[in-house]
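Every chain is numbered from 1, with letters handed out A, B, ... down the list of sequences.
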Amino acid sequence: MNWADHSAYIELYPKEEFNYEECLLFLGRSDLEVTHQIRDGILYKLIKGDEECLLLKITGTSQSIKAEFPLGSCSAKARQEAAKYIWEWFDLDRDLEGFYNIARKDKILQPLIQNYYGLRIMGIPNLFEAITWAIMGQQINLTFAYTLKKRFTEQFGECLIFEGEPFWLFPEAEKIAALRVEDLRMLQFTSRKAEYIIGIAKAMAAGELTKEHLLQGSFEQMHSKLTAIRGIGSWTADYVIMKCLRHPNAFPIADVGLHNALKLQLALPSKPSLEEIREMAMGWEGWQAYAVFYLWRSLYV
DNA sequence: ATCCAGGAACTGT
DNA sequence: ACAGTTCATGGA
């Protein structure tokens, strides 16, 4: 992690192939987003440090990301945690050169890496949030998924008011583990999703499911451990591996957004079959997650 | 109104 | 292993 601690603020220095504006565009794709805010081009994110909440005020250029602490000064340890969080959130450990090398030779990806140069997979570092968000998004349109997340967070998450505006933390697994299905049904979750989410919250609260444990395994091991959990199928496992566990081989091949993006990019009369997608993705080995993320990007704005 | 949405479990063969 | 069915509700 390449960063500087200036006490009043911190600064992170990504390697090349980084474009803050592109990343910010992704973060601003929904007005219903509750786990971060963008106001006047400035990104605000509330994170949970050791016991205490930390509000980050983030700005960036193509060379660096700067984060201030509008709540006041914070400890050196908290600043380190903030730096680590942002580093992971923006996937700054990744060297995109490998991806761009294979993408330059790929008919589908070539225009995308040109248009979205420097875009990184904006992650969800918190495992419970990543899994829960993926489950919320199963088989419903994205707008409604954001509505569910907003209700869920505003009902069960912690809130901090700053300058008269609320900043939310995604709910803790411990809190959700104590709920009943009806508590989520009231927010228009389906019974099925409510069961899945509470079940996973219980497993995580009991320490039976942790990010650290999953990260120890290979891609295949992560995938099979995740899909062994009720509510997590192949799509959800790949999504979580892509956004939280950060394995670049994650490939949610059944994703509807992916299908639509391919149809659009290739001007196909209808969505490609899984077999056709496998064919297209032959050259993406080792970078499937980035290929998918760039294709998703092509669907908006 | 009708179709479908960043799927998964369940059921029957 | 594989295909069909059910869950459920909002957006376009």
Could you go through nucleotides 10-12 of chain C and list every protein N or O atom that sits under 3.5 Å from one of its N or O atoms, giving the distance for each pair?
unit_1 : atom_1 : unit_2 : atom_2 : d
C:dG10 : N3     : A:N141 : ND2    : 3.4
C:dG11 : O4'    : A:N141 : ND2    : 3.1

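Residues in residues 8-18 of chain A take part in no salt bridge (charged side-chain N to carboxylate O under 4.0 Å, His left out) pair, two or more places apart or across chains. For the ring-ring contact (aromatic ring centres under 6.0 Å, His included) condition, no pair includes a residue of residues 249-272 of chain A, sequence neighbours left out. Applying the side chain to side chain donor-acceptor pair (under 3.5 Å) definition to pairs two or more places apart or across chains, those involving residues 93-105 of chain A are A:W87-A:D93, A:D91-A:R94, A:Y100-A:Y294, A:N101-A:R104. Within the structure, salt bridge (charged side-chain N to carboxylate O under 4.0 Å, His left out) pairs that include any residue of residues 277-290 of chain A comprise A:E275-A:R278 (at least two apart or interchain).
In the region residues 113-129 of chain A, proximity to DNA chain B at under 4.0 angstrom, judged on heavy atoms, holds for none of the residues. A heavy atom lying under 4.0 Å from DNA chain B marks none of the residues of residues 277-289 of chain A.
A:Q63 pairs by the side chain to side chain donor-acceptor pair (under 3.5 Å) definition with nothing, not counting sequence neighbours. Listed by chain and number, the residues in a salt bridge (Lys or Arg N to Asp or Glu O under 4.0 Å) with A:K193 amount to none (sequence neighbours excluded). By the salt bridge (Lys or Arg N to Asp or Glu O under 4.0 Å) test, A:E21 pairs with no residue at all, sequence neighbours left out. For A:Q188, the side chain to side chain contact (heavy atoms under 4.5 Å, CB included) test picks out A:F144, A:L148, A:R151, with sequence neighbours left out.
Proximity of A:R185 to the phosphate of C:dT9: a side-chain N or O atom is located under 4.0 Å from OP1 or OP2.
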Check your understanding: If the sugar-phosphate is the primed atoms plus P, OP1 and OP2 and the base is the rest, what is the B/S/- string for nucleotides 8-13 of chain B, using protein heavy atoms under 4.0 Å?
Key -> SSS---
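A:K271 comes within 4.0 angstrom of the backbone, heavy atoms only, and of no base.
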